[in-house]
Amino acid sequence: MARATFELSPEIAQDGTLFGLAAWGSHVVRLVGFSLPMPHEAVETCIAPSHYPQPLKARARSHASHLLMYYAGRDSAPLEQFVAMAALAGVLSHFGASVVLNESGHTSFPAEALAGLDVDGDTLDVLRTLPLPILYCGFVKHEVAGVEGVWMRTYGGELLQLPNLAVHARGHHEGQKHFDRVSSILGYILDSNAIVEAGHTMEIGADDLIRFRRPKAVEGFLTGPSAPLVIERVDHL
C-alpha cells in the first residue's frame, strides 16, 4: 500500500459530495461521500448488535458525514475484496473515520482497530484471519416473542459465497461459545470450499457432532432471501 494512489473528483466535490478512487496492486475501491448522516435505521441495524465500547457507539451515532465504499478492483475472491475495504477503513481512521459498517452483515467494527498500528508484519494478512462474523458477516442475537432462549444467526454470508448459519441458545451467556463455533465452521467452509446443505453433518470436536437443517415452519423469523441453515447438535448419526 506504500504505492497506493488516491484520486478525487473536484467537479463532484463542489456540490458537497465526494467521489474518489483508492488503488493499490489489483485493488480499486470506489468511495462516495456525503456531508450528512446515514439513515438512522441502517446505522442502528449495524451498531446495536456489535461489541465495542459504548462511547464509540455514541460517537458513530452522532456522525455528521459518511462514506460508502464499493469494491471495483480485479480480485475476484470475495474475502480479498472485504479485506481491501477493511484496510482502507483503517487508513481512513487517521482522517476521522470512527467505525466501518457492513450493512449486509448487520454489523460494524472500530475503524482504528483495522489500521494495523500494533501489528508486526503485513496488516493485510491479519485482516485475512479476522473471525468472519466480526465484520465480513454479522453474528446477531434475537429474542423472539414466545420463544425461550435466544436465537443467534449470521447475516451477509452470501456475499462471501457462504451459507448463513443460525443456532438456538439457552441464553445470552452462550454467545461467545456459539460465536466461536460459527466462526470455526464458516472458516472451514471458506478454506476448504466444502458444500454444506440441509441434512449434512459435521464433526467439529472430538465428541461434538452437528447437523444442518432448514428452518421449520414455526421458525418464520428465520425465513427470507438469506435464510440460514440451523445448526443442531446430535448424539449420533
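Along the sequence shown, the residues carry numbers beginning at 1.
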Side chain to side chain contact (heavy atoms under 4.5 Å, CB included) between Asn102 and Phe82, intermediate numbers included: CA-CA 10 Å; Asn102 178 348; Phe82 273 106; 3.8 Å; yes
Keeping [X] on the side-chain end and [Y] on the backbone end, is there a donor-acceptor pair under 3.5 Å?
X	Y	result
His200	Arg211	no
His27	Trp24	no
Ser50	Ser108	yes
Ser184	Arg181	no

Between [X] and [Y], what is the shortest heavy-atom contact and its length?
X	Y	result
Tyr71	Ser26	OH-O, 3.6 Å
Gly157	Asn164	N-OD1, 2.9 Å
Ala111	Ala89	CB-O, 3.7 Å
Leu209	Thr201	CD1-CB, 4.3 Å
Gly171	Met152	O-CE, 3.6 Å
His94	Ala115	NE2-CB, 4.2 Å

Working for side chain to side chain donor-acceptor pair (under 3.5 Å), residues Asp75 and Gln81: CA-CA 7 Å; Asp75 201 311; Gln81 296 178 11; 5.9 Å; no
Criterion side-chain contact (heavy atoms from CB on, under 4.5 Å) against Leu222, the qualifying member of Lys216, Arg214, Arg153: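 Going through the options one by one, the only one that passes is Arg153.
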Would you say that [X] contacts [Y] through its side chain, given a criterion of any heavy-atom pair below 4.5 Å between the two side chains?
X	Y	answer
Leu101	Met38	yes
Val230	Glu219	yes
Met69	Val32	no
Leu21	Val28	yes

Roughly how far apart are [X] [atom1] and [Y] [atom2], rounded to 0.5 Å?
X	Y	atom1	atom2	result
Ile185	Ile189	CD1	CD1	7.0 Å
Leu67	Leu18	CG	CG	6.0 Å
Tyr188	Ile204	OH	CD1	12.0 Å
Leu190	Gln161	CG	CD	9.0 Å
Phe19	Arg30	CZ	CZ	5.0 Å
Leu79	Leu159	CG	CG	12.5 Å

Hydrophobic cluster identity match, Trp151 and Phe179, side-chain contacts under 4.5 Å: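 Each belongs to a different hydrophobic cluster.
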Salt bridge Glu148-Arg170, side-chain N to carboxylate O under 4.0 Å: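 No.
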Ignoring hydrogens and angles, write down the donor-acceptor pairs under 3.5 Å from the side chains of residues 39-49, residues two or more places apart or on other chains.
from  : atom 1 : to    : atom 2 : distance (Å)
Glu44 : OE1    : Arg61 : NH2    : 3.3
Glu44 : OE2    : Arg61 : NE     : 2.5
Thr45 : OG1    : Glu41 : O      : 2.9

Stepwise salt bridge (charged side-chain N to carboxylate O under 4.0 Å, His left out) check, Glu174 with Lys177: CA-CA 5 Å; Glu174 293 187 333; Lys177 177 183 75 173; 3.6 Å; yes
List the atom pairs, with distances to 0.1 Å, where a side-chain N or O of residues 131-147 and a protein N or O form a donor-acceptor pair under 3.5 Å, not counting sequence neighbours.
from   : atom 1 : to     : atom 2 : distance (Å)
Tyr136 : OH     : Leu127 : O      : 2.8
His142 : NE2    : Tyr155 : OH     : 2.9
Glu143 : OE2    : His172 : NE2    : 2.6

CA sep, side-chain torsions, deciding dist, call: Ile231, Phe212, side chain to side chain contact (heavy atoms under 4.5 Å, CB included): CA-CA 5 Å; Ile231 300 171; Phe212 301 94; 4.0 Å; yes
Worked check of side chain to side chain contact (heavy atoms under 4.5 Å, CB included) between Leu31 and Leu92: CA-CA 11 Å; Leu31 298 102; Leu92 292 172; 3.9 Å; yes
